[in-house]
There are 2 protein chains.
Amino acid sequence: MSAIDTLATELSRLPGIGRKTAMRLTYHLLKQPAEQSKRLADALVALADNVRPCATCFNLTEEEVCSICRDPRRDAGLICAVEEASDISAIERAGEFRGVYHVLGGRLSPLDGIGPDDLTIPALERRIASGNVHEVILATNPSIEGEATALYVQRKLSPYQLTVTRIARGLPVGGDLEYADGVTIAQALSARRSM
Amino acid sequence: MSAIDTLATELSRLPGIGRKTAMRLTYHLLKQPAEQSKRLADALVALADNVRPCATCFNLTEEEVCSICRDPRRDAGLICAVEEASDISAIERAGEFRGVYHVLGGRLSPLDGIGPDDLTIPALERRIASGNVHEVILATNPSIEGEATALYVQRKLSPYQLTVTRIARGLPVGGDLEYADGVTIAQALSARRSM
């Protein structure tokens, strides 16, 4: 297989990139200086070689313990449990949360064969047992599987002396009632707060 | 900058890939075995190191002369001139053309500072002067710049003993008259053929 076809094949393995886009990207790279392809190659190798899960929270990091867990200004007693490390970036972008995280490594999904043993729930329990954790916020996705995962974790944590909360569901800020789905509206109504 | 941010930055340099898609692709790669990132990196390095323009037609190749120019079953006297090497793949996919190619390396575009000297027109003239070329098909894009380029090349080739043709413009096969733009319809009408 030619170098062009090989690269296009590798690129088309990525999600959302079909054969045509892969060819377009390949031809684009051919028009750029060779350094651009090599910088991209170096970045891929560095990613594969250096990035691993944080020993404490399973966030992705290039150190033993991630920068959020190491930050002394953050409240180590407030843990926000998320499905994936990518969810941490989303929450950090919001700039509101000053606690630490715990990456569950997915959601319970019996149909995909993902059970409690495939998630990092025992590690979360060990963190709680060994420290001064006062609250765990369950920030799994508001999907059926995310809800089931939150419910499962909540039950697992019930023996411990701490508050377990769930992120609020409701209408997204800037959203339009007219275009919101019925389940979201129902959630927004039942979770209404006095003003 | 972290390995994750570095890769996301490099990926977001690619056309059609914004910051969000780049992060999504990076996290996707982190969930795959490290070999996938490394195969992609190898393919990028191989592309940068091995692919170069064909000495005859400027098609992209890993040899001195590309496989189309080397193919003895193809008519070396029939040259199809295209703007970019990627146009060759498109024409080859159609499976109709049995001649050879000449990649002009772009189109005339005074606004972008691309003049005749930036294209491979002198090399095309040398090919014609030295061989038995009987026809040059100008297959530049049916855009204003593509038309101007075709016109320029046609004038440059007028001293030579050969036929110069232009690919047909008209309604695309499977297209719909109702949704075709006015210029395409006008071209299709003026280029009508007796049946």
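Just so you know, these numbers come straight off a predicted model, no measurement behind them. Naming convention: chains lettered A, B, ... in sequence-line order (proteins, then strands); numbering from 1 in each chain.
- Looking only at heavy-atom pairs under 4.5 Å with chain B, the residue among A/Thr21, A/Val45, A/Leu40, A/Thr6 that has the most is A/Leu40.
- Contact of A/Glu84 with chain B is made through the side chain alone, with heavy-atom distances under 4.5 Å.
- B/His134 and B/Asp75 share a side-chain donor-acceptor pair at under 3.5 Å.
- Shown here for A/Ile91 and A/Phe97, the closest heavy-atom pair between the two residues is CG2-CB, 4.0 Å.
- For chain B, no part of A/Arg52 is nearby; none of its heavy atoms comes within less than 4.5 Å.
- Residues B/Glu35 and B/Lys38 are not paired through a salt bridge, judged by the lack of any N-O separation under 4.0 Å between the basic side chain and the carboxylate.
- Proximity to chain B involves both the backbone and the side chain of A/Leu11, based on heavy atoms less than 4.5 angstrom apart.
- Salt-bridge check for A/Arg19 with A/Asp5: passed, with a basic side-chain N closer than 4.0 Å to an acidic carboxylate O.
- Contacts with chain B were tallied for A/Thr9, A/Ile17, A/Thr61, A/Asp49; A/Asp49 has the most, counting heavy-atom pairs under 4.5 Å.
- A salt bridge links A/Glu92 to A/Arg74: one of the charged nitrogens lies within less than 4.0 Å of a carboxylate oxygen.
- With a 4.5 Å cut-off on non-hydrogen atoms, A/Thr26 touches chain B through its backbone and its side chain both.
- For the set A/Leu47, A/Val51, A/Asp42, A/Leu29, the count of heavy-atom pairs under 4.5 angstrom toward chain B peaks at A/Leu47.
- For A/Thr165 and A/Glu135, the side-chain atoms include at least one donor-acceptor pair closer than 3.5 Å.
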